[in-house]
S.K.: 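Before anything else, here's the structure in question.
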Amino acid sequence: MCASQQTPQLQVEISLPEWIHEITDWQKSYAGDEEKMALAIKLADENVKRNTGGPFGSAIFDMDSGKLLGVGVNQVVAQNNSTLHGEVTAIMLSQKRIANFTLGADGARRELFTSCEPCAMCMGATLWSGVKRLVCAATGEDARAIGFDEGPVFEQSYDYLQQAGLEVKRQVLREEGKQVLQDYLQSGGEIYNG
């Protein structure tokens with residue numbers, strides 16, 4: 001039976017690799033941008049080293065307590081789903097955890113740390129997510145340098161986020177984030193949209 005004749009799927013399950021629990025501390029209060037970003041980059045790095053997905057990791061924190069709300073790693077190839085980028089999985093799992101469609105529910109202030117600047121899809125997801133702050137490591141240019149097509153993301157895209165009330169900070173631990181991209185390329189990782 002060919003794929004078009006099979007019964008359509010009406011449910012999608014999203015799961016992250018079990019090793020995530022080995023490197024995340026759900027009780028810790030993370031302090032400062034560099035410590036928070038180090039976790040996002042560590043997620044991306046482990047995803048590459050363990051061959052469980054692409055070179056992108058994200059973490060969402062409560063801005064007031066520093067507590068980790070959710071994490072995400074790229075699962076595009078691993079789960080055959082082009083939307084499972086690190087930012088999107090972190091947003092989806094965090095919203096599931098709080099049982100609300102917005103991470104700004106009840107006046108909460110949450111922030112998204114990502115090992116690389118968002119692609120066009122993730123930029124939109126960030127806007128819609130309800131986070132109040134976006135912090136990035138490697139640049140879109142760094143991702144394009146190894147073959148990824150980040151889509152129509154422009155300086156005006158970041159301006160738009162800021163005009164919508166999000167604080168944006170870029171190039172925090174950029175070299176470390178860029179190194180994960182290079183390691184992925186060197187390991188023969190699939191450039192799935194190049």
Side-chain angles (χ1 to χ4, degrees), residues 14-25 30-61 68 70-93 111-126 131 133-158 161 168-194:
I14 298 166
S15 59
L16 296 181
E18 284 296 319
W19 58 258
I20 297 242
H21 293 299
E22 296 172 22
I23 65 166
T24 53
D25 185 344
Y30 289 79
D33 288 350
E34 289 195 0
E35 184 176 19
K36 294 172 185 174
M37 184 59 76
L39 176 60
I41 293 169
K42 178 74 171 166
L43 290 163
D45 188 48
E46 289 295 321
N47 211 31
V48 171
K49 286 179 179 171
R50 296 177 189 236
N51 198 32
T52 53
F56 305 100
S58 298
I60 295 177
F61 299 90
L68 180 63
V71 299
V73 292
N74 183 284
Q75 291 290 282
V76 170
V77 174
Q79 295 188 42
N80 297 310
N81 187 322
S82 63
T83 66
L84 294 184
H85 292 202
E87 297 94 333
V88 171
T89 59
I91 290 166
M92 292 167 77
L93 293 169
E111 56 191 347
L112 169 62
F113 281 73
T114 185
S115 65
C116 186
E117 292 176 343
C119 70
M121 176 183 68
C122 294
M123 183 70 77
T126 299
V131 297
R133 189 165 185 252
L134 169 66
V135 184
C136 313
T139 66
E141 180 180 309
D142 297 332
R144 284 187 295 280
I146 69 162
F148 283 103
D149 180 354
E150 299 302 281
V153 177
F154 310 104
E155 284 304 311
Q156 296 90 339
S157 304
Y158 293 98
L161 289 181
V168 176
K169 188 172 181 182
R170 297 159 73 188
Q171 299 189 35
V172 173
L173 301 181
R174 177 185 180 186
E175 290 306 313
E176 291 86 339
K178 185 177 177 181
Q179 186 61 55
V180 174
L181 296 170
Q182 292 297 320
D183 292 347
Y184 184 71
L185 181 65
Q186 294 302 313
S187 72
E190 184 173 350
I191 307 296
Y192 47 81
N193 70 342

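Computed from a predicted model, the values in this text were never measured in an experiment.
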S.K.: Which distance, rounded to the nearest 0.5 Å, do you find between the CD1 of Ile14 and the CE of Met92?
M.R.: 3.0 Å
S.K.: For residues Gly147 and Ile191, report the shortest heavy-atom separation together with the two atoms involved.
M.R.: O-CG2, 3.2 Å
S.K.: Can you give each donor-acceptor pair under 3.5 Å made by side-chain atoms of residues 34-41, sequence neighbours left out, with the distance rounded to 0.1 Å?
M.R.:
unit_1	atom_1	unit_2	atom_2	d
Glu35	OE1	Ala31	N	2.8
Glu35	OE2	Lys28	NZ	2.5
Lys36	NZ	Glu111	OE2	2.5

S.K.: For Asp142 and Arg174, which heavy atoms make the closest approach, and how far apart are they?
M.R.: OD1-NH2, 2.8 Å
S.K.: Working note: Met121 + Thr83, criterion side-chain contact (heavy atoms from CB on, under 4.5 Å); need CA distance, chi angles, decisive distance, verdict.
M.R.: CA-CA 8 Å; Met121 176 183 68; Thr83 66; 4.0 Å; yes
S.K.: Between CD of Gln171 and SG of Cys136, what distance do you get to the nearest 0.5 Å?
M.R.: 9.5 Å
S.K.: Between Thr89 and Val73, is the side-chain contact (heavy atoms from CB on, under 4.5 Å) condition met? List the steps.
M.R.: CA-CA 7 Å; Thr89 59; Val73 292; 5.7 Å; no
S.K.: Counting C-beta onward and ignoring hydrogens, is there a side-chain heavy-atom pair between Ile20 and Leu43 closer than 4.5 Å?
M.R.: yes
S.K.: Would you please name every residue forming a side chain to side chain donor-acceptor pair (under 3.5 Å) with Asp45, sequence neighbours left out?
M.R.: Lys49
S.K.: Should Gln79 and Ser15 count as side-chain neighbours, where that means a heavy-atom distance under 4.5 Å?
M.R.: yes
S.K.: Rounded to the nearest 0.5 Å, what's the gap from CG on Leu173 to OG on Ser115? Could you check?
M.R.: 11.0 Å
S.K.: Please report the closest heavy-atom contact between Val88 and Cys122, naming both atoms and the distance.
M.R.: CG2-SG, 3.9 Å
S.K.: Ring-plane angle category for Phe148 and Phe56, please: parallel below 30°, perpendicular beyond 60°, tilted otherwise.
M.R.: perpendicular
S.K.: On a heavy-atom basis, which atom in Gly177 and which in Ala137 lie closest, and how many Å separate them?
M.R.: CA-CB, 4.4 Å
S.K.: List in chain and number order the residues that pass side chain to side chain donor-acceptor pair (under 3.5 Å) with Thr24, two or more places apart in sequence or in another chain; answer none if no residue qualifies.
M.R.: Trp26
S.K.: Quick one: are His85 and Cys119 in side-chain contact, heavy atoms under 4.5 Å?
M.R.: yes
S.K.: List for me each residue that meets side chain to side chain donor-acceptor pair (under 3.5 Å) alongside Asp25, sequence neighbours excluded, and say none if there are none.
M.R.: none
S.K.: Is it true that a side-chain atom of Ser58 and a backbone atom of Thr114 form a donor plus acceptor pair closer than 3.5 Å?
M.R.: no
S.K.: Which residues pass the ring-ring contact (aromatic ring centres under 6.0 Å, His included) test with Phe61, not counting sequence neighbours?
M.R.: Tyr30, Phe113
S.K.: Locate the shortest heavy-atom distance separating Leu181 from Ile146; write the atom from each residue and the value.
M.R.: O-CD1, 3.5 Å
S.K.: If a pair satisfies salt bridge (Lys or Arg N to Asp or Glu O under 4.0 Å) and one of its residues is in residues 117-126, list it, with sequence neighbours excluded.
M.R.: Glu117-Arg170
S.K.: What's the separation between atom CD in Glu141 and atom NZ in Lys178, rounded to the nearest 0.5 Å?
M.R.: 7.5 Å
S.K.: Can you see which heavy atom on Cys116 is nearest to which on Glu87, and at what distance?
M.R.: O-OE2, 3.6 Å
S.K.: Would a distance-only check, ignoring hydrogens and angles, find a side-chain to backbone donor-acceptor pair under 3.5 Å from Asn47 to Gly54?
M.R.: yes
S.K.: Start with the C-alpha gap between Gln75 and Asn81, add the side-chain angles, then the distance that decides, and say whether side-chain contact (heavy atoms from CB on, under 4.5 Å) holds.
M.R.: CA-CA 7 Å; Gln75 291 290 282; Asn81 187 322; over 6 Å; no
S.K.: Do Tyr184 and Asn74 meet the criterion of a side-chain donor-acceptor pair at a distance under 3.5 Å?
M.R.: no
